[in-house]
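What follows is one structure encoded as structure tokens, with my remarks underneath.
Only heavy atoms go into these numbers, but all of them, side chains included; no hydrogens, no water, no symmetry mates. Computed from a predicted model, the values in this text were never measured in an experiment.
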Amino acid sequence: MPRTRLAWKNLTHDPLRLAVACVGIGFAVLLMFIQVGFENALFSSQVRVIRQLEGDVFITSRARFALAAEKRFPLALLELARGCEGVAYVAPLYTELTLSTLKNLLPGASSKGYPIRTIAFHPGDNVFRSRAIADQAQRLREPMTALIDRRSKAPNFAFPMKDPERLAAAPAELSGKRVKLVGGFNLGADFVHDGNLVMSAPNFARYFPQRKQFGDPLSVVDIGIVRVADGAKAADVRDRVARRLGDQVTVSTRRQLRRAETRFWQRNTPIGVVFWAGKVIGFVVGVVICYQVIFSDISDHMPEFATLKAMGYGADYFTRMIVTEGLWLAIMGFIPGALVSWALYYVLGVKTGLPMDMTPGCLGLVLASTVTMCVVSGLLAVRKLLTADPASLF
């Protein structure tokens, strides 16, 4: 107990210095939280559509290195997959970004068309987990109709999302053709797509006949969704489907598809490196700030420490005391930093549509980094005290 009280007294004897130290460490915590938050938002937003799909096994073109890449495979391959043992049903999913632009024709709205991802399915297929989409699927059977993602970036797609009647009456164009927005659902933007539309496959073919230069635009598929039969294992069905379809496609379980998408953004794009560098910078800033605080405290109390050394207190005692100070600083800097970060997460999530969530994993990672940086700072700062001769400290 006395050792803990000494560490606490050293920190609290000067409230102004302690407040400045907490602000500095809180700033470093904020930097790390922002980097971790954006990184998690990147990965989470890119796989969010996978979480919304009602499937156990997914088929994609082998050339499709990410969901945003528009690489497709023949619809006929899904018929082959349908005959595999353990397959309950197979459904195609169509997506379009390159040719998909949505224009708001309401008075006062920008005349510019904004890119939006259009997702299509056959309304009779149960491919979405979202109840909002399932409950409104019959509306999509009408010609030139679509559902709009309510979490699309508001400045680009400023439709009256909360009023279904006004939304249905709002004039809009999709790729140069009029479209009627008959409802909404919640999915959200990501780092590639500003928003999403969902429509029926027949309507999709009318808007994007250029998907295939010759022939039916629905004869090429973006994602094949496979549900396994009761009692069958997804991994076994995946292997059977992969053997039957050959090397034209990649067959993945839900977990494999999510991991592949996350791995692509983490390893094959500069974004992963940027976020990693940001976290390192935040950690280094925290180490420097915490080091300065503890080093100044040690320098101001050299005579007192000299007395303790002369009384026989050894290196272990001083090391434990300084590490304890570092732990106190970590806790007192982490709490305000986390609170400010939580508020920023909320604001950024509303403004960007990205999933800026303060998850337990995010909290644990930043807390562990904060404790580590403060302990490391303490160990660096205490070296001067440990190597000094007691007689030279008076």
Apply side-chain contact (heavy atoms from CB on, under 4.5 Å) to Arg82 and list each qualifying residue two or more places apart in sequence or on a separate chain. Glu79, Val90
So the side chain to side chain donor-acceptor pair (under 3.5 Å) pairs with at least one residue in residues 19-33 (sequence neighbours excluded) are none
Checking Phe295 now: which residues fulfil ring pair (Phe, Tyr, Trp, His ring centres under 6.0 Å) with it, not counting sequence neighbours? Tyr291
Pair up each side-chain donor or acceptor in residues 277-290 with any protein partner under 3.5 Å, not counting sequence neighbours, and list the distances.
residue	atom	partner	partner atom	Å
Lys279	NZ	Glu39	OE1	2.8

Tyr207: partners by ring pair (Phe, Tyr, Trp, His ring centres under 6.0 Å), with sequence neighbours left out: none
CZ of Arg129: more than 12 outside heavy atoms within 6.0 angstrom? yes
Only pairs at least two apart or in different chains count here, so list each side chain to side chain donor-acceptor pair (under 3.5 Å) that has a residue in residues 167-179. none
Please, which pairs that meet salt bridge (charged side-chain N to carboxylate O under 4.0 Å, His left out) have at least one residue in residues 337-346, sequence neighbours excluded? none
Assess whether atom CZ of Arg62 is packed by more than 12 heavy atoms of other residues, nucleotides or ligands within 6.0 Å. yes
Distance-only criterion, 3.5 Å: show the donor-acceptor pairs between side-chain atoms of residues 242-251 and protein atoms not counting sequence neighbours.
residue	atom	partner	partner atom	Å
Arg244	NH1	Leu80	O	3.2
Arg244	NH1	Gly83	O	3.4

Flag yes if more than 12 heavy atoms outside Tyr346 fall under 6.0 Å of its OH atom; otherwise flag no. no
Going by the rule side-chain contact (heavy atoms from CB on, under 4.5 Å), which residues pair with Phe65 if we only count those two or more places apart in sequence or in a different chain? Ala69, Phe264
Check this for me: does any side-chain nitrogen of one of Glu96 and Arg211 sit under 4.0 Å from a carboxylate oxygen of the other? yes
Salt bridge check, Asp222 against Arg64: does any charged N sit closer than 4.0 Å to a carboxylate O? yes
Exceeds 12 heavy-atom contacts within 6.0 angstrom, atom CD of Glu85: no
Ring pair (Phe, Tyr, Trp, His ring centres under 6.0 Å) with Phe334: which residues, sequence neighbours excluded? Phe33
Do any N or O atoms from the side chain of Asp149 and from the backbone of Gly188 form a donor-acceptor pair under 3.5 angstrom? yes
Using side-chain contact (heavy atoms from CB on, under 4.5 Å) as the criterion, list what pairs up with Arg17, not counting sequence neighbours. Asp14, Ser296, Asp297, Asp300
For residues 121-128, run the donor-acceptor check on the side chains, cut-off 3.5 Å, and write out each pair with its distance to 0.1 Å, sequence neighbours left out.
none

